[in-house]
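For reference, the structure discussed in these notes is given below.
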Amino acid sequence: MKDEMKTALETAMDEFDQKRSDATKRQEAMKTKETEFSRSVGRLFKEVIRPAMEKVENTLGQRNHDCKIIEEKQTGTTDMQQHAAHISLTIKPAPPTGGGYTMMASRTICFAVVRPEGKIVVGTTSSLPIRQVEGVRGSYEPSQLSPEEVEKQLVTFVKEVFA
């Protein structure tokens, strides 16, 4: 009976060690995936989205429209995210020339990271609650958010701002 007990205990410990090893491997794989996702998003923000937003900012600025780019890094841990990483462009059209008071709404387009899904969501907001076109416009894997798609989103947004 002693040998059977020893064998049963060793088998139980071997199974536990295997589960622990598998859990460690899964955890390392998740960490690697998270690191790659963070790098990919960082490259996308720096090399694709920000330069496209800067083109819009410079072009509209030449006609005295107020544009502002804001980029924020994630705060909190990947498990308990308090604030998602995002980059946004806010446009406030210049008031009409010729005097008179006209309230001009500012509008914002935002590319935000949704870590649990591994995606970047594109959405818009307005300083006035009357717009019906605001909200989520698309959700993309970082590899699918091409420079052409970013430019398309920005051009569509600018056309709506000035419609």
Side-chain angles (χ1 to χ4, degrees), residues 24-163:
T24 300
K25 287 177 187 173
R26 279 193 306 276
Q27 200 171 27
E28 288 172 1
M30 262 181 37
K31 193 178 279 187
T32 299
K33 185 178 177 183
E34 175 66 29
T35 300
E36 181 50 41
F37 178 73
S38 293
R39 284 186 187 138
S40 140
V41 166
R43 274 192 306 272
L44 193 59
F45 277 26
K46 181 180 177 183
E47 297 171 12
V48 177
I49 300 171
R50 178 172 277 284
M53 285 183 170
E54 287 172 347
K55 283 181 191 174
V56 171
E57 180 182 44
N58 292 334
T59 302
L60 298 182
Q62 292 172 1
R63 298 211 183 167
N64 298 319
H65 300 292
D66 186 26
C67 298
K68 185 175 185 177
I69 297 171
I70 297 173
E71 184 172 351
E72 293 190 26
K73 306 290 184 207
Q74 173 184 316
T75 59
T77 64
T78 55
D79 294 338
M80 294 297 293
Q81 187 173 316
Q82 295 171 349
H83 190 77
H86 68 276
I87 185 167
S88 63
L89 171 67
T90 300
I91 300 172
K92 183 173 183 184
T97 56
Y101 174 77
T102 304
M103 188 158 100
M104 302 300 291
S106 64
R107 297 203 43 219
T108 301
I109 185 167
C110 181
F111 293 76
V113 175
V114 181
R115 284 197 183 279
E117 296 175 19
K119 295 193 175 188
I120 295 177
V121 174
V122 181
T124 60
T125 60
S126 174
S127 63
L128 297 178
I130 57 174
R131 296 274 184 184
Q132 298 299 318
V133 295
E134 307 304 349
V136 175
R137 297 184 172 225
S139 178
Y140 303 89
E141 301 281 338
S143 61
Q144 294 174 331
L145 194 53
S146 66
E148 295 78 19
E149 183 61 27
V150 170
E151 289 176 8
K152 179 181 150 201
Q153 288 284 345
L154 291 173
V155 168
T156 300
F157 173 70
V158 169
K159 284 180 179 179
E160 291 170 1
V161 168
F162 294 106

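All values below come from the heavy atoms of this structure, side chains included, with hydrogens, waters and symmetry mates left out. Start at 1 with the first residue, then count along the sequence.
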Distance-only criterion, 3.5 Å: show the donor-acceptor pairs between side-chain atoms of residues 45-58 and protein atoms not counting sequence neighbours.
from  : atom 1 : to    : atom 2 : distance (Å)
Arg50 : NE     : Glu71 : OE1    : 3.2
Arg50 : NH2    : Glu71 : OE1    : 3.3
Asn58 : ND2    : Glu54 : O      : 3.2

Which distance, rounded to the nearest 0.5 Å, do you find between the [atom1] of [X] and the [atom2] of [Y]?
X      : Y      : atom1 : atom2 : result
Glu149 : Ile120 : CD    : CD1   : 12.0 Å
Thr90  : Asp66  : OG1   : CG    : 9.0 Å
Cys110 : Glu72  : SG    : CD    : 9.0 Å
Lys152 : Leu154 : NZ    : CG    : 12.0 Å
Phe111 : Leu89  : CZ    : CG    : 9.0 Å
Ile91  : Thr124 : CD1   : OG1   : 11.0 Å

field: Contacts of Arg39 that satisfy side-chain hydrogen bond (donor to acceptor under 3.5 Å, both in side chains) - sequence neighbours left out
entry: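 Partners of Arg39 under the side-chain hydrogen bond (donor to acceptor under 3.5 Å, both in side chains) test: none.
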Taking every non-hydrogen atom, the tightest pair across [X] and [Y]:
X      : Y      : answer
Ser38  : Arg115 : OG-NH1, 3.2 Å
Leu44  : Pro142 : CD2-O, 3.9 Å
Arg107 : Ser126 : CG-OG, 4.1 Å
Tyr140 : Val122 : CE1-CG2, 3.7 Å

- prompt: Taking atom types as modelled and ignoring hydrogens, do the side chains of Thr156 and Arg137 form a donor-acceptor contact shorter than 3.5 angstrom?
  reply: no
message: Could you check whether atom NZ of Lys119 has more than 12 heavy atoms from other residues, nucleotides or ligands sitting under 6.0 Å from it?
response: yes
- prompt: Hey, does the side chain of His65 reach the backbone of Leu60 with a donor-acceptor pair shorter than 3.5 angstrom?
  reply: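 Such a contact is absent between His65 side chain and Leu60 backbone.
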message: Please check: side-chain N/O of Ser127 versus main-chain N/O of Ser106, any donor-acceptor pairing under 3.5 Å?
response: yes
